[in-house]
Amino acid sequence: MATVTATPTPWARAAPTPGRKPNTAPTPHHKRPAAAPLPDRKPPALAAAGRQLLAGQLRHTTVLQSFAFDDPRGHIYALQVLPSGLQLPGEDAPLSHAERSRNGDLCLNRLTLDGFPAGHMYLKGFGHGGSIGLQPSTVGITLWTEWDANPRSGYGRGVCRFRFTPGRVMSRDSGDLRTYRPVPGSTSNYPALDVVHHRLLLRYKTRGVARFALYDLTQFGARRFRPLADFPQPGADLRLPFQGMALYGNHAYQLLGSAYGPDNPASSGGDARLYRIDLRTGRVVWEQLERTAPDLDPREPEGLAILHRRGDEPRLCLGFTEGPAGARRFRLYYKALS
């Protein structure tokens, strides 16, 4: 196992020059400077603002948490925490949104690629829905999510995989779940998949510290949890909400940030930050304040995924939510990876 340490870089900068000691003192996110790119470094295509892919609404009025694409079959899968007032089969009474969050109760939406509903199912006791992975096969797709919500936080202590069954209510102890605890004692277990290169990226927390671990997908599925790399999550010192991650090739991508509000006014452009991380070293190779969709209200970043259409280059897709509480909508945007 390669255990490496990630060193966050300033906004839109390459890694520090060898031999120069970086300043590692934490800086509040609202005071961190937005430095220009280094003169001898051309910004990657990733630096451009995203273009809108679609706009839509999920089955319930709570926000989008994460999403993944099944492009060959024309579907998007998206997770959201259940709203207040919903009573599922087998429940004695409706629950509040706060209770659903603590329980880790989710709605898994299936949408067409132009945003129309195409089925849903409910996941009880799974987690917060911060990331979702999709694994295709000749007989359909398998979905990967966090699993086994910690009752003290609502975040998953493991991950699982299962087949999509429209209308089903699935509990954490359902017999046809394949479940995994790669880091015993951890929480906030989020999976992302790269089926092209056959890898799984796990974000997890132990003793309050967030980390990334990279695995071979086949080995992970066989419960041989030997990470290819394991390192601290970059940018954690900013204390911004973690809003999504994606995996492709030798790089991971993460999205941090919060909705517009008194501490994050729209006039500032927002605090959303996008990272590209080299998984061979754990170092940030690109970091930027993300300026996609600045006019959304209240513009909260929610979700990150790779869209790889046949015959096309892979693209990074970012999710944002908008609209008042109780009437949330989402928009997805895309940009080139390179």
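As the structure is a computational prediction, the values presented were derived from the model and not from experiment.
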Residues Arg315, Asp312: salt bridge by 4.0 Å N-O rule: yes

Aromatic plane relationship, Phe164 with Tyr77 - under 30° parallel, 30 to 60° tilted, over 60° perpendicular: perpendicular

Pairs flagged by side chain to side chain donor-acceptor pair (under 3.5 Å) wherever residues 121-136 is involved - sequence neighbours left out: Arg59-Tyr122, His60-Tyr122, Gln65-His128, Glu91-Lys124, Gln135-Trp144

All side chain to side chain contact (heavy atoms under 4.5 Å, CB included) counterparts of Pro262, not counting sequence neighbours: none

Pairs flagged by side chain to side chain donor-acceptor pair (under 3.5 Å) wherever residues 245-256 is involved - sequence neighbours left out: Tyr253-Arg276

Pairing of Arg273 and Glu287 as salt bridge, 4.0 angstrom limit: yes

With Thr218 via side chain to side chain contact (heavy atoms under 4.5 Å, CB included) - residues at least two apart: His198, Asp216

Heavy-atom neighbours of Glu313 CD exceed 12 at 6.0 Å: no

Carboxylate-amine/guanidinium proximity below 4.0 Å for Asp71 and Arg310: no

Donor-acceptor contact below 3.5 Å, side chain Thr321 vs main chain Phe330: no

Pair Asp271-Tyr260, side-chain donor/acceptor within less than 3.5 Å: no

By ring-ring contact (aromatic ring centres under 6.0 Å, His included) - contacts of Tyr215 (at least two apart): Phe220

Partners meeting side chain to side chain donor-acceptor pair (under 3.5 Å) with Ser186 (sequence neighbours left out): Asn189

Other residues, nucleotides, ligands: >12 heavy atoms within 6.0 Å of Arg51 CZ: no

Test: Asp148 and Arg172 ion pair at under 4.0 Å: yes

